[in-house]
Amino acid sequence: MRPPVRDHLVKEWLAQRHPVSTAGMVSNYTAWKESARSLNTDLNNVRKQNKSVGEETARHALKVFGCQGHSRDAKKMFNLVKNHNTEDYRMLLTSIVKGGLTTQGGDETEVKQIFDEMNSKNVKPDTGCYRLLARHLGRNGADQEVVKQVTTAMENDGVPPDVWTMNEIVNYEKNVASALRTLKNFELRYNVHPNSATLCALLRVCKGSNDIRSARKLMKQLPHKDTEVWNSYLRVLNTPATHRLLLEAFEKTPLPNAGSYAIVISSCGHTHNEELAEKYFSRMVDKGFLKGKGSIGSMMEVYAATRNKEKAEKLMAWSVDAGIPPSAATQGLYTIATSGE
């Protein structure tokens, strides 16, 4: 029998084929499953060739599965690691909380068990672990005061809350007034100051509370706004009543990206304005923003709103010819557009 190849070489080979994504979970469920299946295939091939799936390989696979939100396979890799460190637990938490996007943010008992296990093994959680805990609690509908208790736990563990912890907690505030009080508390208590992502979090609160006035006020007060901030603002304005304001804001966006165009096209569905949506879609195509699965979804959303079967069929055929297969969500919109109901 051929001796096993050194584990770090297997890890290097795997890392080339499956780099760790810092962008988070794959953009849609189908692509997420396909990516996980591909990595599992490579891991099985490693075993068949009598190569070692040791700690280095398992740790890299754990990171990949974690970023994808694929908790089942992440747990398998986690169990192959003998001496777990903080990052191992953080990636396991990531897989559970991100995987929970397809349910409700992860299993509450499971997340608690991970923190209990870390405590029993004297593995200290870092800010990333606590941030994931706050996200898990917020997405599962925990009371805002319970979410804020995460910072108390961080203090008890000697882990200083940072700006990203603050932003995560702000995401789940019920209104802008309470969100601003949280920001002030972080500044006074932890010397933590807002960044551009904080404004995105505040705008998400505005959207959740349908507070258009506060959103407009925030945008006027801050002189330096990046594309993601503008996109967050566009999402706030993506309602039938504020369609005109959204169009004005889009034209002011300095560097609109694929997300910006998707929002403005989607908004045209509120007014059934196919012509305007198609104008923006053409600009989107010209700029090369149509690449991944689901990127035609906003235009299909307009045709679903107008029940335009002919144009929906043409768009679907065009996307297949262009090598842009539709996502499951786009397929659902196509069904609505062509149903004639």
Side-chain angles (χ1 to χ4, degrees), residues 4-137 139 157 159 164-165 168:
V5 177
R6 292 175 69 91
D7 182 47
H8 75 274
L9 296 177
V10 180
K11 181 252 181 181
E12 290 174 8
W13 172 77
L14 203 67
Q16 290 176 349
R17 290 176 58 81
H18 304 276
V20 177
S21 169
T22 57
M25 197 171 76
V26 180
S27 59
N28 67 74
Y29 185 77
T30 304
W32 164 37
K33 296 290 285 186
E34 289 175 355
S35 180
R37 191 179 299 116
S38 172
L39 177 52
N40 267 317
T41 298
D42 280 341
L43 287 169
N44 287 332
N45 287 336
V46 166
R47 296 186 183 97
K48 288 178 182 178
Q49 295 172 30
N50 196 33
K51 294 178 181 178
S52 171
V53 181
E55 290 210 11
E56 287 190 57
T57 300
R59 275 200 165 106
H60 180 78
L62 170 60
K63 290 177 185 177
V64 177
F65 285 133
C67 288
Q68 291 175 344
H70 206 282
S71 60
R72 183 184 61 185
D73 292 305
K75 289 171 192 172
K76 290 179 183 177
M77 295 300 106
F78 181 84
N79 291 332
L80 291 177
V81 178
K82 295 179 181 178
N83 299 307
H84 298 114
N85 58 31
T86 301
E87 186 179 32
D88 297 331
Y89 280 104
R90 186 186 340 115
M91 296 316 303
L92 182 60
L93 282 166
T94 302
S95 74
I96 294 169
V97 176
K98 285 194 173 182
L101 287 173
T102 58
T103 53
Q104 290 183 334
D107 180 79
E108 187 171 353
T109 304
E110 198 169 21
V111 172
K112 183 180 183 301
Q113 286 174 344
I114 291 173
F115 272 86
D116 288 344
E117 183 178 317
M118 293 177 77
N119 182 55
S120 67
K121 292 185 177 181
N122 292 319
V123 179
K124 187 176 179 179
D126 60 8
T127 53
C129 293
Y130 278 112
R131 192 160 59 246
L132 287 162
L133 176 60
R135 185 179 305 174
H136 159 75
L137 292 170
R139 285 181 178 163
D157 269 345
V159 181
W164 301 107
T165 310
E168 194 65 56

Would you compute the distance between atom [atom1] of [X] and atom [atom2] of [Y] and round it to the nearest 0.5 angstrom?
X	Y	atom1	atom2	value
L92	F78	CG	CZ	5.0 Å
S71	K98	OG	NZ	13.0 Å
R59	E56	CZ	CD	9.0 Å
Q68	S95	CD	OG	10.5 Å
D88	L80	CG	CG	11.5 Å
H70	I96	NE2	CD1	13.0 Å

Ignoring hydrogens, what is the shortest heavy-atom contact between [X] and [Y]? Give both atom names and the distance.
X	Y	answer
T94	G66	CG2-O, 3.3 Å
I114	Y89	CG2-CD2, 3.7 Å
L62	A74	CD1-O, 3.4 Å
P125	V159	O-CG2, 3.4 Å

Query - side-chain hydrogen bond (donor to acceptor under 3.5 Å, both in side chains) contacts touching residues 76-87 (sequence neighbours left out) - result: none
Report task. List for me each residue that meets salt bridge (Lys or Arg N to Asp or Glu O under 4.0 Å) alongside K121, sequence neighbours excluded, and say none if there are none. Result -> E117
**Report entry** Results of salt bridge (Lys or Arg N to Asp or Glu O under 4.0 Å) for D126 - residues two or more places apart only
**Finding:**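 In terms of salt bridge (Lys or Arg N to Asp or Glu O under 4.0 Å), with neighbours along the sequence ignored, D126 is linked to R90.
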For residues [X] and [Y], determine if any side-chain heavy atom of one lies less than 4.5 Å from a side-chain heavy atom of the other.
X	Y	value
R135	L132	yes
R139	V97	yes
W164	Y130	no

